[in-house]
Amino acid sequence: MKRFIIGTTLSLFVLLVIGGGVFYVSTMTTPGTPVLGAKSKLDDWILRQVLNIAETYIVPDIGFSDFEYRFPAEFVLKGVTLTAPTGEEVVRAKRLIITFSETPKKGRPIKIERIAIESGALRLIQDESSELMSFKGLLPFVDRALVKNQESVAEEVRLSSVFQIRELKLTNASLVFEPGAGKPPMRLTDITLDLDLQPSADEPGWYEIDTTIDRSPVFDVDVKGAFNLDTFVTQVASLALNIELEEENYSALPPAIQTLLRDHDVRGQLGINASGTIPVREWRQADARATLQLTDINAAAGNGRLPIETGTVELRVANQLAHIEPVELQLLNGQLTATGQADLSTPQMPATLDWRVHHVELREALRTQAPAGKPPSLAGTLDANGNVRADVAAPKQTLRGEGSLSLDKGRLLLIPVVTELAQAMNVLGKVRGATSLTDQATASFTLNGEQLRLTQFNMKSDFISARGEGTINYDGKLNLAVNGGPLESVQDKLGDFGKILGIFTDSILKYHVRGTFKKPKVDVKPLGLGMNTGDKEPDPESDAQRRQEIESLHDES
């Protein structure tokens, strides 16, 4: 987005200059007469040159309140505006100063070398009626067919003849990106930009960029590269972006990121380094690489938080494949790693992601830590791994995945399901009074577009033990079958006889957990009557297998 904004801004204001007289001249003068304030025929001729170029290329309506020609090579437009064909004002500038590379002379095209914009404001208004990326009055900003076919236009209006841009300077500028559809706008204010531009001698339309945008303390950007004014292809030799994530700075970021950051109260520092070639209008054809660096990030949700001490994300796009290689986050005194890729060659863009959590300390995920000398309500060392698959174009409908986890040295009282099970087993007081961190848990699960299915889970503590299966919907709804209680702990100590006992008690002492994750409801179901935790029907083969297990254990004993 920022690379596109830079290219759009530059092309906009370059062409704004040559179009500055369209509205004013066409409404205030008649052919052959001097213009308001003109002191010589040269003034009149310069404005008519500008008018001729603007009428050839520019789409939006352009106006200004006054102008001044400063001999020998400076031209000033005041109160400049650009209005989209649909009526929205998309550009306003207090003053726009044009410097020619030579004194304008009749019979020769004017040659623009430098542009300075003072107190300029640019509005990028997303055109929601267009299927492609389009901004009202700005994209398209010029007649692309004429820009590409320069041989069809007169010499005095050819871009290669009139443009010799070497410098673009913005002072006290602002930019607003308005995506529509109720999304928050992106605002950049107090921008000071000094672009040193060098046109390519070999390929018309290409300009080199070497600039710094300093918007401290919100962000700063250093860019070296080139862009094509005709095609919007951007070549980034190097881009370095640093952002301070604070509430007052969110509005300087793209709308989707703003919403995510506000929802989770994210704080910290984000650094981005990138390079490559990006065709903005055909971004899937990009060949680029980017590194995201996270430092002291803190995000929150409900009673929990996610502190990231440091993190690195490597992104690469080439041959219509996007790769994440890898994600490495140091968080909660542990580590999260992930790798993935997406196929950009099809509209569905199928993607995969493999992830692993190593030795994460859950007690660090609590927003409020326990008082000194008191045990935390949630604790444990978590290890987990898994993978997910989905189409980027329709993630919910196509999501699939599986994984497993294990927890050691824990205390799981904060989890509502555990609390309600302890209540149903009449041991809640003992569980709350326990100070040791000895809880253990394991689970295996699968994912689809609607729910997480626990294919099996086991939990053990000093006072309760439980195992079971079931589903957890993404909206929080539960449907779990759990068998547990003191008998489960006894089974673990009785060896093979305990396994035999467990086979029977699996069918006798069951609990049905319904409701939601935040407000679960536990019912005791003797013999498992009336329970259905998914699509399962009674399976005679499972009953036979159960009998075989009993006989086998009996023979071994």
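- Using modelled atom types, one finds a donor on one side chain and an acceptor on the other under 3.5 Å when comparing T291 with E314.
- Side-chain polar atoms of Q330 and T310 form no donor-acceptor pair below 3.5 angstrom.
- In this model, a donor atom of one side chain and an acceptor atom of the other lie less than 3.5 Å apart for N458 and Q456.
- For the residue pair E244/Q269, the side-chain donor-acceptor check at 3.5 Å is satisfied.
- Side chain to side chain, T352 and Q341 fail the donor-acceptor criterion of an N or O pair below 3.5 Å.
- Comment: E420 does not engage R514 in a salt bridge, judged by the lack of any side-chain N to carboxylate O separation of less than 4.0 angstrom.
- Only one option out of I257, I297, L294 pairs with L245 in a side-chain contact (heavy atoms from CB on, under 4.5 Å); it is I297.
- Using a cut-off of 4.0 Å between Lys/Arg side-chain N and Asp/Glu carboxylate O, E88 and R123 are scored as not salt-bridged.
- Remark: T312 engages Q293 in a side-chain hydrogen bond (donor to acceptor under 3.5 Å, both in side chains) (not counting sequence neighbours).
- Expressed to the nearest 0.5 Å, how far CE of M349 lies from CD of Q320 amounts to 11.5 Å.
- Contacts of D408 classified as side-chain hydrogen bond (donor to acceptor under 3.5 Å, both in side chains), with partners at least two apart in sequence or in another chain: Q440.
- Counting heavy-atom neighbours within 6.0 Å of N319 CG, excluding the residue itself, gives a total of 12 or less.
- Counting only N and O atoms by type, the side chains of N333 and H359 include no donor and acceptor under 3.5 Å apart.
- Minimum interatomic distance between R411 and D439 (heavy atoms only, all atoms of both residues): CA-OD2, 3.4 Å.
- Residues that satisfy the salt bridge (Lys or Arg N to Asp or Glu O under 4.0 Å) test with D263, not counting sequence neighbours, are absent from this structure.
- Side chain of R284 to backbone of L344: a donor-acceptor contact under 3.5 angstrom is found.
- In this structure, a donor-acceptor pair under 3.5 Å is present between the side chains of N479 and H512.
- No salt bridge links E450 with K477; every basic N to acidic carboxylate O contact stays at or beyond 4.0 Å.
- Between D265 and R267, at least one side-chain N (NZ, or NE/NH1/NH2) sits under 4.0 Å from a carboxylate O, which counts as a salt bridge.
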